[in-house]
Every structure is written in C-alpha cells, then in structure tokens.
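Let me begin by presenting the structure, written as structure tokens, before commenting on it.
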Amino acid sequence: MTKKIIHTDKAPAAIGTYSQAVQAGDSLYLSGQIPLIPETMELVEDFEQQVHQVFKNLTAVCEAAGAELKDIVKLNIFMLDLSNFATVNEIMAQYFEQPYPARAAIGVKELPKGADIEMDGVVYLGN
C-alpha cells in the first residue's frame, strides 16, 4: 500500500516535522490541528472560537483529500481544561450529525503555541 501526503493552504502549515494528513489506502490520518488561522498563523483567543477554528482547519484538510468532516470515524480531542467538555459537545453538534464518530476527550497540561484545544482524527475514505 502506498501512502499519499495531503496538504492544503486552507489549513495551518505544519509547525514541525509532520504532514497535515497522510492517506493510506481507504484511511486518512489527520494530524493534530490547533486553532491557528491559516493565513496569519495566529492563534484564535476565545475558547469557543478556538473550537470552531479547529473544526474549520480539520474540514479544510478533509476536503483536500476529497472527504468531508462527517467522514471522520475517530476523533481525539485534547483540552487544557476538561470543564470545557460541555462547550465542545455543543459546538461539535453544529458540525456532526448522528451517527457521531468514535471519540476521546483527554485533559492535557500543555498544547503547542499556547492553544487550549487540539484535535486529530481518522477519516474513512471508502464508499
């Protein structure tokens, strides 16, 4: 099986030694997205806006691979403060319909660039 590197200017450029996503067969592995505005690489400040920006960034990478956000089958959410869990659920409901992807929400001490949230995931590209 060959792997294909996915890149789009509509999502933040990688800030390290990784690709925005890697396709392997019918699977697309999304690298972690933090709430950076792609054009400026500046961090969005308000937590709710951070969540929306992360979903926008994930959407852009999915679309670059010919997929949609709804094609995510596994979503990992990393947050500095798990008390924001309900807010994330409310916002996530604006981007996904049932059946929802499998998901993990993990509290962490620190994220890149001082972000409050980061998400990565796995997308199924098959029919």
Side-chain angles (χ1 to χ4, degrees):
M1 168 176 13
T2 59
K3 63 181 180 178
K4 178 180 175 185
I5 304 304
I6 305 299
H7 173 79
T8 178
D9 292 335
K10 294 180 181 178
I15 55 174
T17 54
Y18 62 90
S19 300
Q20 290 173 328
V22 177
Q23 180 181 342
D26 285 343
S27 296
L28 178 68
Y29 299 90
L30 302 169
S31 289
Q33 287 291 326
I34 60 174
L36 292 174
I37 300 168
E39 298 81 15
T40 64
M41 294 297 285
E42 295 292 322
L43 192 69
V44 176
E45 303 228 357
D46 174 72
F47 182 77
E48 289 184 17
Q49 292 306 309
Q50 283 195 18
V51 179
H52 284 289
Q53 187 63 51
V54 169
F55 280 123
K56 289 176 189 174
N57 294 344
L58 289 172
T59 298
V61 178
C62 286
E63 289 175 350
E68 298 178 50
L69 199 64
K70 70 177 184 175
D71 297 321
I72 292 177
V73 295
K74 175 66 166 96
L75 183 67
N76 297 309
I77 303 172
F78 306 93
M79 291 181 278
L80 296 187
D81 185 352
L82 286 175
S83 71
N84 288 317
F85 188 77
T87 300
V88 172
N89 278 337
E90 289 174 20
I91 295 171
M92 185 174 168
Q94 297 173 32
Y95 292 90
F96 291 91
E97 296 179 356
Q98 290 188 11
Y100 300 122
R103 186 182 82 177
I106 303 156
V108 297
K109 180 181 175 189
E110 189 174 5
L111 290 167
K113 301 271 188 186
D116 292 321
I117 188 166
E118 179 174 359
M119 296 183 211
D120 70 8
V122 178
V123 176
Y124 178 63
L125 299 171
N127 295 323

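In this structure, L75 and L58 have side chains that are in contact, with non-hydrogen atoms separated by less than 4.5 Å. Looking at I72 and L30, their side chains come closer than 4.5 Å, going by heavy atoms from C-beta outward. The shortest distance between side-chain heavy atoms of K113 and M41 does not fall below 4.5 Å. Between M119 and V51 there is a side-chain heavy-atom pair separated by less than 4.5 Å. For the pair K70/P99, no side-chain contact is recorded, criterion being any heavy-atom separation below 4.5 Å from C-beta on. The side-chain heavy atoms of C62 and D71, taken from C-beta on, include no pair separated by under 4.5 Å. Considering only heavy atoms from C-beta on, F78 stays 4.5 Å or farther from I34 through its side chain. The closest side-chain heavy-atom distance from L111 to D116 is not below 4.5 Å.
Cluster membership check: Y29 shares its hydrophobic cluster with Y124, using side-chain heavy-atom separations under 4.5 Å among Ile, Leu, Val, Met, Phe, Trp and Tyr. Placement of V54 and M92 within a single hydrophobic cluster is found when ILVMFWY residues are connected by side-chain heavy-atom separations under 4.5 Å, directly or transitively. Hydrophobic clustering (side-chain heavy atoms under 4.5 Å, transitive across Ile, Leu, Val, Met, Phe, Trp, Tyr) groups Y100 together with F55. At a threshold of 4.5 Å between side-chain heavy atoms, the hydrophobic network of Ile, Leu, Val, Met, Phe, Trp and Tyr places F85 and F47 in one connected group. If you chain together hydrophobic residues whose side chains sit under 4.5 Å apart, I5 and V123 never meet in one group.
The shortest heavy-atom contact between A13 and Y18 is O-OH, 4.5 Å. In terms of heavy-atom proximity, A21 sits nearest to V61 at CB-CG1, 3.5 Å. Residues I6 and A64 approach most closely at CG2-CB, 3.7 Å, considering heavy atoms. The shortest heavy-atom contact between A60 and K10 is CB-O, 3.4 Å.
Expressed to the nearest 0.5 Å, how far OG1 of T87 lies from CD of E48 amounts to 5.5 Å. In this structure, L28 CG and Q20 CD are separated by 10.5 Å, a value rounded to the nearest 0.5 Å. Atom CD of Q49 and atom CD of Q53 lie 8.5 Å apart (nearest 0.5 Å). Atom OG1 of T59 is separated from atom CD of E68 by 9.5 Å, given to the nearest 0.5 angstrom. The CD atom of Q50 sits 5.0 Å away from the CG atom of L43 when rounded to the nearest 0.5 Å. Atom CE of M79 is separated from atom CG of N84 by 7.0 Å, given to the nearest 0.5 angstrom.
Here the side chain of Q23 pairs no donor or acceptor atom with the backbone of A65 at under 3.5 angstrom. In terms of modelled atom types and a separation under 3.5 Å, the side chain of S31 and the main chain of S19 share a donor-acceptor contact. Counting only distance, with no hydrogens or angles, the side chain of N57 and the backbone of L36 share a donor-acceptor pair below 3.5 Å.
In the hydrophobic clustering (ILVMFWY side chains linked at under 4.5 Å, chained through shared members), I37 is joined by V44.
In the displayed structure, K74 atom NZ is contacted under 6.0 Å by more than 12 heavy atoms of other residues, nucleotides or ligands. Taking a 6.0 Å sphere around CD of E45, one finds it holds 12 or fewer heavy atoms contributed by other residues, nucleotides or ligands.
In this structure H7 satisfies the ring-ring contact (aromatic ring centres under 6.0 Å, His included) test with no other residue, sequence neighbours excluded.
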